[in-house]
Amino acid sequence: MHFATSLVHTQHLPLHHLPLPLSLHSLLSLYSLNLFYSFSLSKSQSCWPSLSHTRRQKTMNPSAEFVEQGMSPQNVKRASCMSVITLAYQSLGVVYGDLSTSPLYVYKTTFSGKLSLHEDDEEIYGVLSFIFWTFTLIALVKYIFFVMSADDSGEGGTFALYSLLCRHAKLSILPNQQATDEKLSTYATEASADTWQSSALKSFFEKHPRFHKVLLIFVLLGTCMAIGDGVLTPAISVLSAVSGVKVKITGLHENYVVIISCVILVGLFSLQHHGTNRVAFMFAPIVTAWLLCISSIGIYNIFRWNQHVFCAISPIYMLKFLKNTGTEGWVSLGGVVLSITGVETMFADLGHFSSSSIKVAFTFVVYPCLILAYMGEAAFLSKHHEDIQRSFYKAIPESVFWPVFIVATFAAVVGSQAVISATFSMISQCCALNCFPRVKIVHTSSKIYGQIYIPEVNWMLMCLCLAVTIGLRDTNMMGHAYGLAVTTVMFVTTCLMALVMIIVWKKKILTAVAFLLFFGSIELLYISASVYKVPEGGWIPLVLSLIFMAVMYLWNYGTMKKHQFDVENKVSMNRIVSLGPSLGMVRVPGIGLVYSNLAIGVPAVFGHFVTNLPAFHQVLVFVCVKSVQVPRVSENERLLISRVGPKEYGMFRCIVRYGYKDLQQENYDFENRLVSGIVQFVETEEESASKLTSESFREFESTAFKGFVDSDHPYTSSSHKEKMVQSTCDIQAEVAKTGSERPENTQLKQESLRILEAKESGVAYILGHSHAKAKKSSSIIKKFAIDVVYTFLSKNSREPDVVLNVPHTSLLEVGMIYYV
């Protein structure tokens with residue numbers, strides 16, 4: 001093992017020079033207040049519920065809350081309905097912007113190529129029949145009736161399905177997963193017994209761990225294709241909307257349309273740092289006005305041009321279409337699938353709205369409006385075959401053309417905004433799962449959780465959007481690329497849903513197979529048609545997804561290799577204990593926070609530090625920041641505190657847990673929260689030890705505390721074990737329980753005061769500044785992956801101290817080289 005030393009000297013500043021000052025008296029007051037507040041809470045609840053859990057309780061049982069306020073059952077029902085209707089209206093702007101702008105380009109893309117030679121009523125009716133049944137079966141039946149029910153604590157999207165599977169079948173490949181994580185309030189799994197099908201599937205994954213990686217790669221494939229949507233949606237939506245101006249200004253050159261579209265795209269991405277909450281109040285009225293416009297125009301066209309267009313609902317027209325057009329008709333299905341672009345966004349944005357509100361909005365507003373729009377456009381085309389490439393704007397009555405054009409442009413921007421925000425969310429989740437380099441994540445709203453902005457990703461998306469718009473200049477080619485990305489994401493969701501049905505819902509395997517075969521066959525049909533268009537634009541999402549897949553996989557590979565190195569080279573606890581309470585070095589006043597990737601054991605960075613500088617702080621805390629396979633972790637369950645070694649060693653461990661939807665750089669007082677939690681842990685530990693006998697202590701430990709031992713380095717004396725791990729929720733409950741009967745304990749007060757005095761002396765943050773290199777015996781591919789790609793990504797990603805929001809005045813970095 002080779003190390004390279006690089007120590008950055010820092011002065012231990014007095015407490016009043018620290019970024020977050022807090023005197024000893026203030027700390028004591030804060031601690032007393034915590035004890036009092038905990039005692040007040042103990043009468044009603046042992047730990048605070050999370051925000052999402054509280055929201056779910058109110059959503060699931062709103063009547064109890066209103067009845068408690070003296071409202072009659074009739075008023076309760078009316079209030080619940082009004083709440084759903086309000087959320088349904090708000091969801092129109094955030095969720096359905098992308099889906100509602102599809103009529104701009106569906107018919108145009110479908111009748112491109114050789115199918116334009118078959119522009120008669122039979123083919124138009126066949127395309128309309130395909131659109132109707134695709135929209136009904138995929139969007140309405142699959143997503144509204146099935147997929148929307150597979151939420152993860154109220155969250156939706158590909159990662160929500162993956163998270164459900166990881167928790168129920170132990171499929172997670174995240175490091176540092178512990179049994180204590182299963183006690184989280186958001187980790188709850190269904191109590192129903194496993195069926196033989198679910199047990200067989202779980203045992204299959206247990207016997208073949210390599211399929212854990214295969215499943216992750218499959219999920220990342222869907223994620224990368226969804227990121228491709230974030231590139232293609234703004235380009236095709238804005239260009240399709242702006243190109244409508246050529247209907248009225250026929251002499252306008254195509255270059256001017258492209259320039260106007262690029263200006264709108266640059267403006268759209270330039271405003272992202274303000275956050276969607278600044279302009280979100282305009283989204284719902286815009287999309288509502290757009291849906292009313294296209295549905296009204298659809299009704300007008302049906303009655304004016306062809307009232308028999310409703311006959312196209314019959315599936316017979318689909319068979320006639322394929323029979324008459326042959327291969328050209330099959331290839332054109334890549335344009336039909338554009339009618340359901342945005343259904344994944346509907347599922348991914350489930351966390352911002354309730355399931356019932358999204359279902360109501362789609363079933364009663366979006367679905368009928370879009371069906372009428374497609375029927376009206378088909379009725380117009382049946383009498384105007386020559387206008388097939390500009391049918392949408394040609395079908396608009398002369399008197400309302402410009403108002404509809406303006407609304408269409410705004411609707412395209414709104415639809416693009418929803419996809420861009422969803423891309424930010426997906427990148428953030430990938431970072432939490434160690435599948436994407438560390439990037440700057442900004443929370444743009446103090447009121448609406450989950451609205452984030454990622455500068456690097458934003459400008460990257462803008463450059464790619466401009467490149468696609470300027471390079472292709474043709475919405476037909478963009479549509480071919482868009483169709484492949486959309487169908488791939490939907491197929492990934494279908495496969496994950498089949499696994500969820502068996503493992504999570506405990507359904508029979510025949511039900512899951514029927515679901516997979518029925519919807520999977522439809523999506524594979526559209527994928528095959530889109531693959532045929534790879535040379536005509538379909539290569540764009542393939543190239544983008546391969547690049548993102550390579551980045552994600554190599555980053556995950558390098559990160560897991562570094563973690564494996566940490567596990568193999570951690571310092572033996574026997575060696576630490578044998579050094580005595582001083583650990584063989586000078587213990588100076590203050591608290592030292594050693595950040596590590598290990599949840600158990602002493603990291604190699606600590607051994608490397610004391611080897612080169614044999615002095616350390618009076619109180620030593622090993623801090624591990626890790627992600628858990630849940631959407632969110634409540635604040636009172638965030639910190640998991642334990643003691644390392646005997647009491648006189650003054651060593652503790654704090655595990656900071658985050659969900660995949662949490663932001664890991666929240667600006668809260670971490671130092672004071674940590675010190676307060678450690679003091680509460682010490683007092684709870686002492687009181688329990690003084691009141692309970694050894695037999696009752698063992699029972700107490702198994703119920704109230706979660707104990708674990710470093711299995712790799714066991715040691716004989718039970719006092720040396722890393723034990724009595726507690727979350728803040730458990731600590732507050734125990735302190736509240738025993739607070740009124742607290743015995744006077746001089747030793748207890750001395751240790752608590754020592755910790756508070758150490759805090760007053762100063763806090764230092766020790767981080768490992770590590771570089772990974774492939775071993776000399778590694779293959780050329782591994783050397784290229786680690787020494788070139790992973791090193792490049794590491795140097796150009798956010799540093800750990802920035803991500804963890806560590807104050808630079810108290811930072812020490814220990815340089816290390818990991819040979820993996």
Pairwise side-chain contact, [X] with [Y], heavy-atom cut-off 4.5 Å (strictly under):
{"X": "Ile420", "Y": "Pro234", "value": "yes"}
{"X": "Val439", "Y": "Ser797", "value": "no"}
{"X": "Ser770", "Y": "Lys562", "value": "yes"}
{"X": "Thr494", "Y": "Met497", "value": "no"}
{"X": "Tyr818", "Y": "His771", "value": "no"}

Is the backbone of [Y] close enough, under 3.5 Å, to the side chain of [X] for a donor and an acceptor to pair up by distance?
{"X": "Asp566", "Y": "His563", "value": "no"}
{"X": "Ser521", "Y": "Leu517", "value": "yes"}
{"X": "Asp662", "Y": "Val633", "value": "yes"}
{"X": "Ser240", "Y": "Ser237", "value": "no"}
{"X": "Lys202", "Y": "His168", "value": "yes"}
{"X": "Arg638", "Y": "Arg657", "value": "yes"}
{"X": "Thr791", "Y": "Ile786", "value": "yes"}
{"X": "Gln177", "Y": "Pro175", "value": "yes"}
{"X": "Thr487", "Y": "Leu484", "value": "yes"}
{"X": "Thr233", "Y": "Asp229", "value": "yes"}

Passes side chain to side chain contact (heavy atoms under 4.5 Å, CB included), Ser779 versus Lys782? Steps please. CA-CA 5 Å; Ser779 63; Lys782 183 176 179 180; 3.6 Å; yes
Interatomic spacing from [atom1] in [X] to [atom2] in [Y] - rounded to 0.5 Å:
{"X": "Ser528", "Y": "Leu333", "atom1": "OG", "atom2": "CG", "value": "7.5 Å"}
{"X": "Ile470", "Y": "Leu265", "atom1": "CD1", "atom2": "CG", "value": "9.5 Å"}
{"X": "Thr101", "Y": "Leu338", "atom1": "OG1", "atom2": "CG", "value": "10.5 Å"}
{"X": "Leu499", "Y": "Leu171", "atom1": "CG", "atom2": "CG", "value": "8.5 Å"}
{"X": "Thr345", "Y": "Leu350", "atom1": "OG1", "atom2": "CG", "value": "12.5 Å"}
{"X": "Ser356", "Y": "Met148", "atom1": "OG", "atom2": "CE", "value": "9.0 Å"}

Looking at Phe362 versus Phe135, is the centre-to-centre ring distance below 6.0 Å? yes
For the aromatic rings, using the six-membered ring if either is Trp, is the centroid distance between Phe436 and Trp555 under 6.0 Å? no
With sequence neighbours excluded, tell me which residues meet side chain to side chain donor-acceptor pair (under 3.5 Å) with [X].
{"X": "Tyr526", "result": "Thr134"}
{"X": "Gln429", "result": "Ser425"}
{"X": "Thr493", "result": "Glu344"}
{"X": "Ser545", "result": "none"}

Please determine which of Asp181, Asn597, Asn176, Asn434 meets the side chain to side chain donor-acceptor pair (under 3.5 Å) test together with Lys626. Asp181
Answer with yes or no whether the side chains of [Y] and [X] bring together a donor and an acceptor at under 3.5 Å.
{"X": "Tyr660", "Y": "Ser627", "value": "no"}
{"X": "Ser163", "Y": "Asp152", "value": "yes"}
{"X": "Tyr482", "Y": "Ser530", "value": "no"}
{"X": "Ser339", "Y": "Ser102", "value": "no"}
{"X": "Gln417", "Y": "Gln272", "value": "yes"}
{"X": "Ser634", "Y": "Glu637", "value": "yes"}

Is it the case that over 12 heavy atoms from other parts of the model lie below 6.0 angstrom from the CH2 atom of Trp459? yes
Please determine if Lys142 and Glu523 form a salt bridge, counting it only when a charged side-chain N lies under 4.0 Å from a carboxylate O. yes
After noting the C-alpha distance and the side-chain angles of Met552 and Cys430, does the key distance pass the side chain to side chain contact (heavy atoms under 4.5 Å, CB included) rule? CA-CA 8 Å; Met552 290 180 178; Cys430 288; 3.7 Å; yes
Contacts of type salt bridge (charged side-chain N to carboxylate O under 4.0 Å, His left out), residue Glu182, not counting sequence neighbours: Lys170
So side chain to side chain donor-acceptor pair (under 3.5 Å) across residues 210-220, not counting sequence neighbours, yields Lys213-Asn556
